[in-house]
There are 2 protein chains.
Amino acid sequence: MKAATVYDVAAHAGVSIATVSRVLRRPDDVRASTRARVLSSVRELGYVPSASARSLAARRTGVLGLFFPSIDDEDDRAEAVFEQDTLARIVVDIPDTGEVRPPNLYFDEVLRGSEREAWRHGFALMVGVGRGSDPATMVNDIAGRVDGMAVLARSVPDDLLDHVSRRIPVVLIAGPRRGDDFDHVSVSNTEGMRALTEHLLDRHRVTAPVYVAGPSDSPDDAERYLGFRQALAAAGIDPDALPVLRGNFSRVDARAIAAELVTAGDLPRALVCGNDQMALGILDVLGPAGVRVPDDVIVTGFDGIEAGRLSSPRLTTVHQPMADLGRAAMRAMLSRLEHPDQPPITARLPVKVLLRESSEGAPGA
Amino acid sequence: MKAATVYDVAAHAGVSIATVSRVLRRPDDVRASTRARVLSSVRELGYVPSASARSLAARRTGVLGLFFPSIDDEDDRAEAVFEQDTLARIVVDIPDTGEVRPPNLYFDEVLRGSEREAWRHGFALMVGVGRGSDPATMVNDIAGRVDGMAVLARSVPDDLLDHVSRRIPVVLIAGPRRGDDFDHVSVSNTEGMRALTEHLLDRHRVTAPVYVAGPSDSPDDAERYLGFRQALAAAGIDPDALPVLRGNFSRVDARAIAAELVTAGDLPRALVCGNDQMALGILDVLGPAGVRVPDDVIVTGFDGIEAGRLSSPRLTTVHQPMADLGRAAMRAMLSRLEHPDQPPITARLPVKVLLRESSEGAPGA
DNA sequence: ATTGGGAATGTAAGCGCATACAGTAGACGT
DNA sequence: ACGTCTACTGTATGCGCTTACATTCCCAAT
């Protein structure tokens, strides 16, 4: 059952392969009667054009790429449950109080936005998730298949980016700019954190907020911390006089940090976290420890993930438009494809400060 | 800046294109010294092989496809925020009490699992989300680019499936089998719901649970309802004597249903919902209305989404392994690619009944 | 009936790579 | 020195499709 080709269809319909191709690509160039004949042959033969051949001939693939760094905790069961015609029935009692798998909303959202935007412009989307080993193979592989590629900050080494970008346009998502070579899409980390901090300073008279930082190599965190400092400086407070707690963006890690603060007994008036996960981790500890939020301690996050809306108290945070990030990345790429020589694009998406109970107290209060 | 090709590399390294190709595909067939020379040319020219050409010549693409029906609420702002070098600073007060966007965990998870499994076997993954208009174009397009394709139940009309499957193997995810033509991967909907229902009947002495159904054309819901009925029948209860409430799997819709029940004043002892979203919608209404869960009414869901673990009370539900669904689908496809003539695969993944507070009462109680 | 001209179709040349097959250079044996 | 292998490398073809260009149609206008 070899797959049918243009030749088969052409023969079957009694036309040349060019006509078959036209029927599929520019139907109006073909007389209605022949078109109908060809289409019926297509149907009859189960013909599906080979995108490989088409891309090769047309010099474009119609696919955009998206590359993520690996984040999902390598679930590496070699053999997934499968092949067993099992019907399950395992009843588990009141389980999983902790977090099972922090659903990686961030990537999911970016992906969704990307897919959507790519599709709107007639492109398919190919995703790659950088697994630990060697991104080179994968990135190269994807790069060979697409017309353009968006890459999450720091998921790909610079030299690889340079290499790949000689073939196709590359758009960087989040993180810092990389020289002036690439198009770049990010959110207003600094401005958002500054606005939030200013709010705490002005409205709540906080004088010595403590920043709970993410990994020291996170450019996003660096930008956020910068906003934090700017707000302090603008209020006449010396940022360097305040301690900074270093976390790793994870919830469990933040719990440890909070636990330490509680036992040490020196809780600041406000804990400003570099992301939501950490803020949630802190809430996990503070509540049970008898520390009231926000009465005793104000806690804020950054990202605007769903879980922060479901926590109690609900988390004050800065929401970044993750899906829009993906969309903007795709649009930047498409724009670059159309105008290869335009100057580098820099899109910076606005964020929203969401004031909720973890800083404001009961709703309506 | 035309992209480099094998020819360029060959010329630059002083070898033939065959050797260049060998260096990339079967390095051991080339003398170490020439290999090094070629590789350095590759680097110098920024050569990235064209997957289109390779796929065409090799007669396989190395890509697997995954097709979803459209679920995300068409966020159709024609122009996403973008291009404006805006720095945002908009402060919003205590917002969004309702749900902002039900994160579509289900697809996200299936996608994640698929990507993972595909990658493990050296394949890239291409995703397509069926947008309202006409799936044919998109499915055909994807089918032309991949070696095999997994499709979510009912996202593609039968004739299209038949057509496409003449070119590549197709695996169906979830839903009912389609004749005996396709490989099929699903979860134990019936068994899971039956186990859950039996638990309610046996352990909680519920005698007349009411089923809150999904859309009548949902095969998943049908399977679940069947399990519900089986449990009743096995307990000597006539399923047909009990009313069934019809929802559409959405949270808002379920709220309306619950509201009606509350005002009518005839709440059953237990509401068994076809999915988690609806169960959550019911919880949304019951709590504020003064109805105690589970003391007055037991509420259960199906799916095991994250939000059900974060609700209060936490939701008793049946967890289906969504990521594994994706993985299993990919494996089925790969298996089919290796053994085209093997009999149709049917994988049925086990589920887990998770008993939580919405049926059991306070933890530890 | 002729002719001009646009519309419809056919012809043929790649697109960039993999690979069967042919060729070439040493290495080794006699 | 010459034949024989073995290990590499080059030649040439085709994968299935698009598309510029050439050719043929068809019909209105003369």
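Numbers restart at 1 for each chain; the letters A, B, ... are given by sequence-line order, proteins then strands.
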>> Minimum heavy-atom separation for S55(B) and R145(A), please, with both atom names.
In response: OG-NH1, 4.3 Å
> At their closest point, which heavy atom of V185(A) faces which heavy atom of A328(A), and how far apart are they?
Replying inline: CG1-CB, 3.7 Å
> Under a 4.0 Å heavy-atom cut-off, which of residues 37-59 of chain B touch DNA chain C?
Replying inline: Y47(B), P49(B), S50(B), A53(B), R54(B), A57(B)
> Would you say dA8(C) has OP1 or OP2 under 4.0 Å from some side-chain N or O of T34(A)?
Replying inline: no
> Reckon S21(B) has a side-chain N or O less than 4.0 Å from the OP1 or OP2 of dA18(C)?
Replying inline: yes
>> Set out, in order, the CA-CA distance, both residues' side-chain angles and the distance that settles side-chain contact (heavy atoms from CB on, under 4.5 Å) for V38(A) and S41(A), then state yes or no.
In response: CA-CA 5 Å; V38(A) 170; S41(A) 295; 5.5 Å; no
>> From CD1 of I17(A) over to P of dC15(D), roughly how many Å is that when rounded to an integer?
In response: 12 Å
> Would you call D162(B)-R166(B) a salt bridge at under 4.0 Å N-O?
Replying inline: no
> Can you tell which of dG16(C), dC8(D), dT9(C) lies closest to the side chain of T19(A)?
Replying inline: dT9(C)
> Among dC17(D), dG10(D), dA8(C), which nucleotide sits nearest the side chain of V6(A)?
Replying inline: dC17(D)
>> By nearest atom, which of the nucleotides dC17(C), dC17(D), dT19(C) is closest to the A18(B) side chain?
In response: dT19(C)
> How many Å lie between CZ on R25(A) and P on dA20(D), as a whole number?
Replying inline: 15 Å
> What is the distance, rounded to the nearest whole Å, between atom CZ of R31(B) and atom C1' of dA27(C)?
Replying inline: 13 Å
> Could you state the OH-P distance from Y7(A) to dT11(C), rounded to the nearest angstrom?
Replying inline: 12 Å
